[in-house]
Protein chains: 2
Amino acid sequence: MITIKDIAKEAQVSEGTVDRVLHDRGGVSQKTKEKVEKILEKHNFKVNPVARALAMKNKFKILTLTPNFDTNNVFWKSPYLGILKAKDEVENYGVDVENYFFNQFDPSSYLEQFNILIKSDPTAVIIVPTFMTETKQIVNQLEQLNIPYLFLNIDLDGFNNISFIGQDSYMGGYVAGKLMHLSLGKNTSTLVVHARLNLTNYHAISRRIEGFNDYFIKNNIKNKVLTLSIDGFNNDASIEKKINSFLEEHQEIKGVFVPSSRVATIANAINSNYLAKLQIIGFDNTKQNIESLATDQVAFLISQKPFEQGYESIHLMSDFLVKNKIPKNKIYSPIDILTKENAIFNERNETDFESFEQLSYE
Amino acid sequence: MITIKDIAKEAQVSEGTVDRVLHDRGGVSQKTKEKVEKILEKHNFKVNPVARALAMKNKFKILTLTPNFDTNNVFWKSPYLGILKAKDEVENYGVDVENYFFNQFDPSSYLEQFNILIKSDPTAVIIVPTFMTETKQIVNQLEQLNIPYLFLNIDLDGFNNISFIGQDSYMGGYVAGKLMHLSLGKNTSTLVVHARLNLTNYHAISRRIEGFNDYFIKNNIKNKVLTLSIDGFNNDASIEKKINSFLEEHQEIKGVFVPSSRVATIANAINSNYLAKLQIIGFDNTKQNIESLATDQVAFLISQKPFEQGYESIHLMSDFLVKNKIPKNKIYSPIDILTKENAIFNERNETDFESFEQLSYE
DNA sequence: ACACATTTCGTGTGCGTACACGAAAATAAA
DNA sequence: TTTATTTTCGTGTACGCACACGAAATGTGT
């Protein structure tokens, strides 16, 4: 392993000079700079990230801005746990991680939390860019301060985010279409249920529906798709009423596609006599959803490894800061197909983390 | 962050003494040992793995023993690539990784390579325990030398391996059964094709078949399962002849289940007029198999993330050595359901690694 | 009491890098 | 040329831990 000292000796300069060249700190004459660079190149020198981390202790601060979660809306817990796990791991590299949360249904809370966040002088930021207009403002500030930022889970175009980590929504819907087709055969009717005012993931949701429909179109399969919009997902009684009367009217419906993580809520709302005859497909491996897989209420879940998304986002950013690794522009999570049987194998990482065991010291 | 120095100060001893207590090196009186331990406990002290790694430079050597691969049998390339990627990452922790390969059809080559490996004085070993008898001998040596070992991909019971990383074969087959059922409906016939003399993964293969059959039994679904054994997979012409004449005889067969990674070979051997009418399901995301998904020869692949298996095995062992993390006894890989559509999203990590980009220095 | 062995512990150095400080060299101003 | 100024660079210390070396403390036998 070649070290800075080796380079210095070969270039007949001091270690300090090599360091200045490496980090472009200036104060080196053009001549010696070139000499050192040539030797660096020749040996394909890479700084030892471990030593660097030790020396840099606490020089980096990654702040995250993600939606909060509660018992009703638990999806965002997974990325958060992933972030926590990664936080533990990058701490020793001198990277500090702190989390800020906002209400995913309230744009002003998004901005507000960002304004608190930015005061802590972050080295880099990871955000779930839930609202378009507000994200533009946020990004403006970040770019002025020269702070790198990464988009998590929601993919907005037209920004200079160093990367995006999340699922290809269109293809997620497309796969859902395929599974629906497999389960039902041709010539059936399916119902798409979504919230009317889902500002949050509007983009993702509509892309999923698009993909779902396209599957049938592109493969030339007849499938009558009905759509039911629901006003928010908070009033269980009204959901029940609405969906069951709709199913009453449209007895031909054999499958239900819920292009969001609220599929368990929908499944629970459906009367059991309808439920038994329906193939329901939805998104995300929340606890509730997994439960409804297990009880055969839901046939398939398309999952996107939210835990890993959070986990990876921190590592990606940490590697960017510590090791100067340039990430890919878009990092697509797997489109996991979950059934009753394979679901438990899928959430391994997350449950492992929650029951994390480690000796307290050597 | 609490350091050894802090502990030493609080215990009114030197750093050296704390170090001796931490590593149980002896030479510390019972009294001071207890005093130090109490303070260690109180602060939940953990050594900084980064500093430890820097100080321990090149003290650890992980050796792997895995089957080799070639163009005909490419499955084992993925774990190897995963191992290579991890090797890069753990190098800076003072962990050295070296790989040894054996012929997975030849027990003596397995033993032979191990005997070469063991001479290099490994700190820990990762093996794919392909042969039972020989593994017993190998493990014997390892345990006498007090060398920790981990099983990769193949799960043998009755050993003191610190962990197993791989798939639950039974459940893999079970999920395959479910997919077959979904594709074909009830009351059909399916064909299970496997090699007659597959010493290699005999255990895994038979567990998969078991799971496959159990799906239909447990869910009370009629399905006539026929079985076709093939002598090795090397003579393409003989495979073609055998399988097509079998399909000729049994026109009722609607699905083919290949409980191994050789599914593409089988699919290629089948005449196209049969092929179009068959649902074929097999295992593993090899290049050939993915290809046959894309061309609609194969309907589903059950994949087990071999790249990640290799990758994780190194990190697990490295964490065990460097950070003294105790791994879980069994680590099950996901049972990934691959289709034409989602396959490309599944192999991300692996392809990312092959086209790995990183600045040469800071 | 002494000499000696043994146990117990403190000090110092190295791992590879970051960065502050100040010295030497080069340049500009007098 | 001398002095002041700027540019260029070398030295030293810190990061937290592992481990070698040897000193101090304790114990043993006479």
Side-chain angles (χ1 to χ4, degrees), chain A residues 1-37 39-40 43 45-60 90-96 123 321-324 361-362, chain B residues 1-37 39-40 43 45-60 90-96 123 321-324 361-362:
Chain A
M1 160 159 283
I2 189 119
T3 72
I4 286 183
K5 198 194 275 182
D6 300 327
I7 300 287
K9 202 185 293 171
E10 184 165 340
Q12 292 171 300
V13 295
S14 75
E15 298 178 39
T17 301
V18 177
D19 177 75
R20 275 181 281 266
V21 173
L22 275 175
H23 298 85
D24 218 356
R25 292 192 214 283
V28 181
S29 71
Q30 191 61 26
K31 211 179 63 187
T32 56
K33 186 180 173 188
E34 277 166 14
K35 183 168 62 173
V36 170
E37 273 174 342
I39 295 174
L40 246 19
H43 294 328
F45 176 85
K46 293 197 183 70
V47 292
N48 179 333
V50 174
R52 174 181 165 88
L54 188 60
M56 294 276 286
K57 212 101 249 303
N58 292 335
K59 285 277 156 68
F60 301 118
V90 300
E91 190 190 20
N92 299 303
Y93 279 97
V95 177
D96 205 28
T123 325
L321 298 175
V322 177
K323 309 181 191 169
N324 280 72
Y361 54 87
E362 247 268 30
Chain B
M1 160 160 286
I2 189 117
T3 73
I4 285 185
K5 197 193 274 181
D6 301 326
I7 300 287
K9 200 185 292 171
E10 184 165 340
Q12 290 173 301
V13 296
S14 74
E15 300 178 40
T17 300
V18 177
D19 177 74
R20 275 181 281 266
V21 173
L22 274 175
H23 298 84
D24 218 358
R25 291 193 215 281
V28 181
S29 72
Q30 191 60 26
K31 210 179 67 189
T32 56
K33 186 180 173 187
E34 276 166 14
K35 184 169 63 176
V36 170
E37 273 174 343
I39 295 174
L40 246 19
H43 294 330
F45 175 85
K46 293 196 185 70
V47 293
N48 179 333
V50 173
R52 174 182 165 86
L54 189 59
M56 295 275 287
K57 212 101 251 299
N58 293 336
K59 286 277 158 69
F60 301 119
V90 300
E91 190 190 20
N92 299 303
Y93 279 96
V95 177
D96 204 28
T123 324
L321 298 175
V322 176
K323 310 182 191 168
N324 279 72
Y361 55 87
E362 242 271 33

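Note on naming: letters A, B, ... go to the chains in the order of the sequence lines (proteins, then strands), and numbering restarts at 1 for each one. The model shown is predicted, which means the values in this text are computed figures rather than measured ones. Values reported hereafter were calculated over all heavy atoms of this structure, with side chains retained and with hydrogens, waters and symmetry mates removed.
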Trainee: Consider the side chain of B/Ser14, meaning its heavy atoms from C-beta on, and name the nucleotide among C/dG16, C/dT17, C/dT11 that approaches it most closely.
Mentor: C/dT11
Trainee: Between D/dC9, D/dC15, D/dC17, spot the one nearest the side chain of B/Ala55, thanks.
Mentor: D/dC17
Trainee: Can you sort out the partners of B/Glu10 under salt bridge (charged side-chain N to carboxylate O under 4.0 Å, His left out), two or more places apart, ordered by chain and number?
Mentor: B/Lys42
Trainee: Measure CG/B/Asn48 against C1'/C/dC15 and give the value in whole Å, please.
Mentor: 13 Å
Trainee: Taking atom C1' of D/dC15 as reference, at what distance in whole Å does atom CD1 of B/Ile2 sit?
Mentor: 16 Å
Trainee: Need one value for B/Val13: base, sugar-phosphate or nothing, where a base atom within 4.0 Å counts as base even if backbone is also close, heavy atoms only.
Mentor: sugar-phosphate
Trainee: Considering only side-chain heavy atoms of A/Thr17, which listed nucleotide, C/dG16, D/dC9, D/dA18, is closest?
Mentor: D/dC9
Trainee: Choose from D/dG10, D/dC17, C/dC9 the nucleotide whose nearest atom is closest to any side-chain atom of B/Arg52.
Mentor: D/dC17
Trainee: With rounding to the nearest 0.5 angstrom, report the CZ to CG distance, B/Arg25 to B/Asp19.
Mentor: 4.5 Å
Trainee: Tell me whether B/Lys33 contacts the main-chain N or O of B/Val28 through its side chain, where contact means a donor paired with an acceptor under 3.5 Å.
Mentor: no
Trainee: With a 4.5 Å cut-off on side-chain heavy atoms, are A/Val13 and A/Arg20 touching?
Mentor: no
Trainee: Pick base, sugar-phosphate or nothing for A/Ile4, based on heavy-atom distances below 4.0 Å to the nucleic acid.
Mentor: sugar-phosphate
Trainee: If I take atom CD from residue B/Glu15 and atom OG1 from residue B/Thr17, how far apart are they, to the nearest 0.5 angstrom?
Mentor: 10.0 Å
Trainee: Between A/Lys33 (NZ) and D/dT8 (P), how many Å, whole number?
Mentor: 11 Å
Trainee: Give the minimum heavy-atom separation between A/Tyr93 and B/Tyr93, together with the two atoms involved.
Mentor: OH-OH, 2.8 Å
Trainee: Within this structure, what is the CG-to-P distance between A/Leu54 and D/dT13, rounded to whole angstrom?
Mentor: 18 Å
Trainee: Just how far, in rounded Å, is C1' of D/dC9 from CD of A/Gln12?
Mentor: 14 Å
Trainee: Rounded to whole angstroms, how far apart are CD on B/Gln30 and P on D/dT26?
Mentor: 17 Å
Trainee: Using only side-chain N and O atoms of A/Thr3, determine if any of them is under 4.0 Å from OP1 or OP2 of C/dG16.
Mentor: no
Trainee: I'd like a list of close polar pairs between nucleotides 19-22 of chain D and the protein, N/O only, cut-off under 3.5 Å.
Mentor:
| residue | atom | partner | partner atom | Å |
| --- | --- | --- | --- | --- |
| D/dC19 | OP2 | B/Arg25 | NH1 | 2.7 |
| D/dC19 | OP2 | B/Arg25 | NH2 | 2.8 |

Trainee: Are B/Val18 and B/Phe45 close enough that some pair of their side-chain heavy atoms sits under 4.5 Å apart?
Mentor: no
Trainee: Can you check the A/Lys5 NZ to D/dG10 P distance for me, whole Å?
Mentor: 15 Å
Trainee: Could you go through nucleotides 4-7 of chain D and list every protein N or O atom that sits under 3.5 Å from one of its N or O atoms, giving the distance for each pair?
Mentor:
none

Trainee: What is the distance from CD of B/Glu91 to C1' of C/dG16, rounded to the nearest Å?
Mentor: 13 Å
Trainee: First locate atom CD of A/Gln30, then atom OG1 of A/Thr32, and finally report the distance between them rounded to the nearest 0.5 Å.
Mentor: 8.5 Å
Trainee: Return the CG to NZ distance between B/Leu321 and B/Lys59, rounded to the nearest 0.5 Å.
Mentor: 13.5 Å
Trainee: Of the options A/Ile4, A/Ile2, A/Val21, which is the one that meets A/Leu40 in a side chain to side chain contact (heavy atoms under 4.5 Å, CB included)?
Mentor: A/Val21
